[in-house]
Number of protein chains: 2
Amino acid sequence: MTRQVFIKELEVLHNDVIKMGSVLELSLNEMIVALQDMDVELAQKIIDRDDEIDLLEQQIEKECINIIAKQQPIASDLRKVTSIMKIITDIERIADHCADISEYLMQIHKQPTMKAPEHLSDMIQVMKKMVVDTIDSFVNQDADKAASVIAQDDIVDNYFTSISKELCDMMQKDIKVIPQCVAYIMIIKYIERMGDHSTNIAEWIQFIVTGKLVLS
Amino acid sequence: MTRQVFIKELEVLHNDVIKMGSVLELSLNEMIVALQDMDVELAQKIIDRDDEIDLLEQQIEKECINIIAKQQPIASDLRKVTSIMKIITDIERIADHCADISEYLMQIHKQPTMKAPEHLSDMIQVMKKMVVDTIDSFVNQDADKAASVIAQDDIVDNYFTSISKELCDMMQKDIKVIPQCVAYIMIIKYIERMGDHSTNIAEWIQFIVTGKLVLS
């Protein structure tokens, strides 16, 4: 194999990760709309799309293994390929959580109406920014942007704590909304996890760019 | 490098994963005891041990990257090294969840006494068997045992659903226990995730042994 073939294969790999990121962004945006509008049809569409992300993960996984086996990359190229193997696991998990949230949305929809927790949409906005910035920092191999993602994780964690308390209060005031509040607790837990997975990806991007591996 | 050096390095890697599995089993067993006895000191010990697992993950991660870079393994050896990179992420997450559960245990302990959900210990036993069997199937590279782990995941998922309902009932009957019940909901969610991570590991073990990658 020539060096040129290898560079081409790395490009294909890079673009396939970006493609996986685009599908994730689509699910993420639709999940936010579905949750806002309690749109069960859109929720179902997100759940159905999860297979597409799983297939992309498997395809990229195989591409990575093939490149390592056939091209025997070294140094920064090897770092990139092995990091991508990690990154796609986290992308797949974030997409999984879009589907998980969609399923809880369907449960909430079946039960008597209740107002969503006050700061839920704020929490979602911070998490969304983390995911989008993570994908951008992969596209541009931007370690500074990756660092900014990691810095936002505490904000999401704090929202989880405060919204949990808010939900406990809501349950204590009206026991009829307990099942929905439990569903909302699961939803904010998934949002918090999506922040964690973005942080993981950001750490791998820093490793690709700088060669230093710092896992939280 | 001779083939002998390579075989030695793969052995070291295999044994380091087993070592990481042993530390996980220790935390898992202690987490179960801590939860049963509401032992906050033991819970703190589990939280403190989490760093040890993180360091093992990073060390094994580096060993894998070094072996791929220097030894350029092919076929089943390459499959094993790349799979181990995935497996250690799941082992680390299961250990994380032992620490997460320990933190919620501390919250429950601070609040007025309530009985643990009826089937919690049954759920834990099934999850524990999944984790232990997963580690055993790695030690013996046993694809059949790995398949048996995957088959148990539905049992853990069903426990999550039934115990969630039980906790909703408990909250509706006595609003004073709402904060503890919320903590228990997080605990059973972590137990369910520990089952999922065991399934992931089992799938990677099947891939190592059979060469067929089937991700759920």
Side-chain angles (χ1 to χ4, degrees), chain A residues 54-55 57-59 61-62 64-66 68-75 77-79 81-83 85-86 88-90 92-93 96 100 107 160 164-165 167-186 188-190 192-193 196 200 204 207 213-216, chain B residues 54-55 57-59 61-62 64-66 68-75 77-79 81-83 85-86 88-90 92-93 96 100 107 160 164-165 167-186 188-190 192-193 196 200 204 207 213-216:
Chain A
D54 290 350
L55 286 175
E57 186 196 9
Q58 288 182 38
Q59 180 202 320
E61 189 81 54
K62 281 177 194 161
C64 289
I65 295 176
N66 269 333
I68 297 173
K70 289 192 197 149
Q71 305 283 7
Q72 305 179 331
I74 54 164
D77 291 335
L78 177 64
R79 215 158 61 216
V81 178
T82 53
S83 298
M85 285 185 70
K86 293 287 195 174
I88 54 173
T89 310
D90 287 295
E92 190 265 337
R93 295 280 160 84
D96 262 359
D100 291 328
Q107 281 187 28
F160 174 77
S164 287
K165 280 183 193 147
L167 285 163
C168 279
D169 289 345
M170 288 164 91
M171 288 190 277
Q172 278 167 335
K173 275 183 200 147
D174 179 5
I175 61 167
K176 286 195 300 298
V177 298
I178 286 178
Q180 286 106 305
C181 286
V182 169
Y184 272 119
I185 288 170
M186 300 316 308
I188 60 171
K189 188 67 196 173
Y190 284 121
E192 188 229 6
R193 292 298 302 155
D196 289 344
N200 292 345
W204 284 107
F207 176 60
L213 181 60
V214 185
L215 297 176
S216 64
Chain B
D54 290 351
L55 286 175
E57 187 196 9
Q58 289 182 38
Q59 179 200 321
E61 188 81 53
K62 281 175 193 160
C64 288
I65 294 176
N66 270 332
I68 296 173
K70 289 191 196 148
Q71 305 284 6
Q72 305 179 328
I74 52 163
D77 291 335
L78 176 64
R79 215 155 64 215
V81 178
T82 52
S83 298
M85 286 184 69
K86 292 286 192 172
I88 55 173
T89 309
D90 287 295
E92 191 263 339
R93 296 279 160 85
D96 262 358
D100 292 327
Q107 282 188 26
F160 174 77
S164 287
K165 281 182 194 150
L167 285 162
C168 280
D169 289 345
M170 289 164 88
M171 289 190 277
Q172 278 167 333
K173 276 184 198 144
D174 179 6
I175 60 166
K176 286 196 300 299
V177 298
I178 286 177
Q180 286 107 306
C181 285
V182 168
Y184 271 119
I185 287 170
M186 299 317 305
I188 59 171
K189 187 66 196 174
Y190 284 122
E192 189 228 6
R193 292 298 303 156
D196 289 345
N200 292 345
W204 284 107
F207 176 59
L213 181 59
V214 186
L215 298 175
S216 63

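FYI, side chains are in, hydrogens and waters are out, and symmetry mates aren't considered; it's all heavy atoms of this structure. Naming: A, B, ... by sequence-line order, numbering from 1 per chain.
Across all non-hydrogen atoms, the minimal contact from I175(A) to Q172(B) is O-NE2, 3.4 Å. Contact record, L78(B) with I65(A): CD2-O, 3.7 Å, taken as the closest heavy-atom pair. Here the shortest heavy-atom pairing between P179(B) and C168(A) reads CA-SG, 4.1 Å.
Within the 4.5 angstrom heavy-atom criterion, no atom of N66(B) approaches chain A.
To the nearest 0.5 Å, the span separating NZ on K189(A) from CG on D100(B) amounts to 6.0 Å. Here the CE-OG distance, from M85(A) to S83(B), works out to 7.0 Å after rounding to the nearest 0.5 Å. One finds the NZ atom of K86(B) at 4.5 Å from the CD1 atom of I88(A) (value rounded to the nearest 0.5 Å). Summarising the geometry, atom CZ belonging to F160(B) is positioned 4.0 Å from atom CE belonging to M186(A); distances are rounded to the nearest 0.5 Å.
You'll find the side chain of L167(A) stays beyond 4.5 Å of the side chain of V182(B), heavy atoms only.
Ion pairing between a basic and an acidic side chain is recognised when a charged N comes within 4.0 Å of a carboxylate O; D96(A) and R193(B) show no such pairing.
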